Amino acid sequence: MDRVRELQDKIIKLKKEKGITILAHSYQSKEILEVADYTGDSYALSVSATKAPHDTILMCGVHFMAETVKLLSPHKKVILANPEAGCNMANQIEPEFVEYFKKHNPGYTVVCYINTTAATKTVCDVCVTSSSAVRIVERIENDNILFLPDRNLGAYVQSKVKSKNIQLFQGCCPIHAVVDVNDVKKARELHKDALLLVHPECDPKVVEMADYVGSTSGIMEYARKSDAKEFIIGTELNIAEVLAFEMPEKNFYLLSQKLICPNMRITSLVDVYKAMTGEGGLVIEMDEDTIKKARRCIDEMIRLGG
Ligand code: 13P
Ligand code: SF4
């Protein structure tokens, strides 16, 4: 038996023995996705977390995702598989900025992308994910919105919800934001019949050129259902790899070699195993006040997004 399969079997055995539910974001490697109980985009994972049958949840993804699980299930033990896995966008904004903005702009509803820390969420009004942002902003009663931290997802929402005054914080995902129009032109030149599927964290000029714009799960679903045979994938490399493995009859090309998120890549199968045995991983600790305040933001997301 190969080493990967051997380790996967040990993990599956440990899950049963210790009562651990494994959640894995779609950007995780194939061998991790195979041992997970739930996989998907940020929104799907946060909903799955509430349904997880066990008292311990292991998150294979980045820090804010594990925090979100803790907020939704505060009495559960939540472990991030690799303690170093942060999100560079989530760390671009501090709660102090939000407080400053609110003080000087009373009457605004502050909408934060789920890619934010729990501390930032404590001072925001409602959270969104890439798959629910447009729907939620449309449903917010207030017409004055501050959207943070991702200017690109915010611009995408602006383009879809034209009736509202949406101010954008100028943060971005350093992985998606650097893909440009030239990358699209080159990819289209090489793969003339391919459809371009992109994540809304990409630059608006790239988003405008796409055949489909959506979350990681949205992109995967689109590729599965489409009759087309070739796709250019404008999000993290792993999505293209997983799709290519799942559908060998179709061709998937990565829009740009820049689309590799080191934070999503650092979690290995060994990390998953060690986090389960207690030799590794990071147990998410959060005080009651943070849970209470940040949770409001997530509850609003579920209420408005459902
Ligand atoms: P999704 O919300 O589409 O899962 O994306 C999360 C993310 O970090 C994208 O870079
Ligand atoms: Fe964060 Fe960007 Fe990596 Fe997603 S791809 S986890 S937004 S740094």
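Both ligands and their constituent atoms are indexed starting at 1 by order of listing. Just so you know, these numbers come straight off a predicted model, no measurement behind them. Worth knowing before you read on, the calculation uses all heavy atoms, side chains too, and leaves out hydrogens, waters and symmetry mates.
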Just to confirm my output: which protein heavy-atom neighbour is closest to [atom], and how far is it?
| atom | value |
| --- | --- |
| atom 6 (C) of ligand 1 | Ser42 OG, 3.4 Å |
| atom 3 (Fe) of ligand 2 | Cys261 SG, 2.4 Å |
| atom 1 (P) of ligand 1 | Ser130 OG, 3.4 Å |
| atom 7 (S) of ligand 2 | Asn115 ND2, 3.2 Å |
| atom 1 (Fe) of ligand 2 | Cys87 SG, 2.4 Å |

- Task: Could you name the option among Asn88, Val62, Ile114 that has the heavy atom nearest to atom 8 (S) of ligand 2?
- Result: Asn88
- Item | Nearest candidate to atom 10 (O) of ligand 1, where distance is taken over non-hydrogen atoms, out of His25, His199, Glu201 | Glu201
- Query: Out of Asn82, Ile284, Thr117, Asn91, which residue meets the side-chain contact (heavy atoms from CB on, under 4.5 Å) rule with His63?
  - Reply: Ile284
- Task: Give the numbers and elements of all ligand 1 atoms closer than 4.0 Å to a heavy atom of Asn115.
- Result: 7 (C), 8 (O)
- Taking only non-hydrogen atoms of Asp41 and a 4.0 Å limit, the atoms of ligand 1 in range are 1 (P), 3 (O), 4 (O)
- Given side-chain contact (heavy atoms from CB on, under 4.5 Å), test Val137 with Ile166 step by step and report yes or no. CA-CA 9 Å; Val137 172; Ile166 304 173; 4.0 Å; yes
- Message: Give the atom numbers and elements of ligand 2 that come within less than 4.0 Å of a heavy atom of Met89.
- Response: 7 (S)
- Task: Show which atoms of ligand 2 fall inside a sub-4.0 Å distance from at least one heavy-atom site of His176.
- Result: 5 (S)
- Using 2.8 Å as a strict upper limit, say whether an N, O or S atom of Cys173 approaches atom 1 (Fe) of ligand 2 that closely. no
- Message: Side chain or backbone, does Ser215 bring an N or O within less than 3.5 Å of an N or O on ligand 1?
- Response: no
Proximity of [X] to ligand 1 by residue part, where a heavy atom lies under 4.0 Å:
| X | result |
| --- | --- |
| Val62 | neither |
| Thr129 | neither |
| Met89 | neither |

- Task: Give a yes or no on whether Leu33 and Ile20 share a hydrophobic cluster (residues Ile, Leu, Val, Met, Phe, Trp, Tyr; joining criterion: side-chain heavy atoms under 4.5 Å apart).
- Result: no
- Message: Going by the rule side chain to side chain donor-acceptor pair (under 3.5 Å), which residues pair with Glu285 if we only count those two or more places apart in sequence or in a different chain?
- Response: none
- Task: Give, for atom NE2 of His199 and atom CG of Asp150, the distance between the pair rounded to the nearest 0.5 Å.
- Result: 8.5 Å
- Exercise: do Ser215 and Ser217 side chains pair donor with acceptor under 3.5 Å: no
- Item | Donor on one side chain, acceptor on other, His176 and Thr235, under 3.5 Å | yes
- Decide whether a cation-pi geometry holds between Lys30 and Phe245; the criteria are a distance under 6.0 Å from NZ or CZ to the six-membered ring centre and an angle within 45° of the ring axis. yes
- Task: Please confirm whether Lys250 makes a cation-pi placement over Phe231, using NZ or CZ under 6.0 Å from the six-membered ring centre and within 45° of the ring normal.
- Result: no
- Task: Verify whether the ring centers belonging to Phe101 and Phe169 lie closer than 6.0 Å.
- Result: no
